[in-house]
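One structure below.
Atom set for the values below is all heavy atoms of this structure, side chains included, hydrogens, waters and symmetry mates excluded. Treat the numbers as computed from the prediction; the structure is a model and nothing was measured.
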Amino acid sequence: MLKNADLTGFTDEFSSVAAYERIDRATLQRRLLLALFALGTNMGIRVIVATGEHGESEAALRHIRQHFITVDNLCAAVTKLANATFAARERLAPDPAHQRGRARRGSTARWRLPGARTRSSLL
């Protein structure tokens with residue numbers, strides 16, 4: 001599923017904090033997906049390396065984690081993925097009933113689940 005999500009190009013949002021990197025884009029993309037999967041599933045990099053037949057070392061994935069996966073990069077990638085999801089949803093189902101939970105048409109995506117309590121109702 002994570003590999004399919006990269007069809008939106010969300011791994012392009014991950015740039016290095018180092019001054020210079022010599023990793024080609026295909027290798028970087030594969031290592032980013034493996035490291036994100038390790039972090040997202042709470043398995044950890046060591047387990048991903050031990051269980052997979054992908055040919056990546058633990059040191060390589062830890063390097064990617066340390067130099068590419070930052071809070072700012074994650075926020076930018078999630079934003080790009082969410083915007084692509086909302087755009088695809090609007091292309092597939094543009095009827096007004098589908099837009100019911102949206103704040104304003106054309107605004108940034110702020111969806112609410114039906115029956116969800118707002119923060120003010122929790123205070």
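- In the displayed structure, N42 atom CG is contacted under 6.0 Å by at most 12 heavy atoms of other residues, nucleotides or ligands.
- Evaluation of the side-chain contact (heavy atoms from CB on, under 4.5 Å) rule for S57 yields A59, A60 as partners, not counting sequence neighbours.
- A 4.5 Å side-chain heavy-atom check between L36 and F14 finds at least one atom pair inside the cut-off.
- With hydrogens and angles disregarded, a donor-acceptor distance shorter than 3.5 Å links the side chain of T41 to the backbone of F37.
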Would you tabulate the side-chain donor-acceptor contacts of residues 45-56 under 3.5 Å, counting partners in other chains and residues two or more places apart, or write 'none'?
residue, atom, partner, partner atom, Å
T51, OG1, V47, O, 2.8
H54, ND1, E56, N, 3.1
H54, NE2, I48, O, 3.1
E56, OE1, R31, NE, 2.7
E56, OE1, R31, NH2, 3.4
E56, OE2, R30, NE, 2.8
E56, OE2, R30, NH2, 2.8

*asked:* Assess the residue pair V17 and Q66 against the criterion (side chain to side chain contact (heavy atoms under 4.5 Å, CB included)); give the C-alpha distance rounded to whole Å, side-chain angles, the decisive distance to 0.1 Å, and a yes or no.
replied: CA-CA 9 Å; V17 295; Q66 184 178 9; over 6 Å; no

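- Separation of atoms CZ (R65) and CG (L34) is listed at 15.0 Å; rounding is to 0.5 Å.
- Judged by distance alone, with hydrogens and angles left aside, the side-chain atoms of N83 form a donor-acceptor pair with the main-chain N or O of T79 at under 3.5 Å.
- The distance from atom CG of L74 to atom CG of L81, rounded to the nearest 0.5 Å, is 11.5 Å.
- To the nearest 0.5 Å, atom CD1 of residue I64 and atom OG of residue S16 are 8.0 Å apart.
- Of all heavy-atom pairs between R25 and L28, the closest is NH1-CD2, 3.1 Å.
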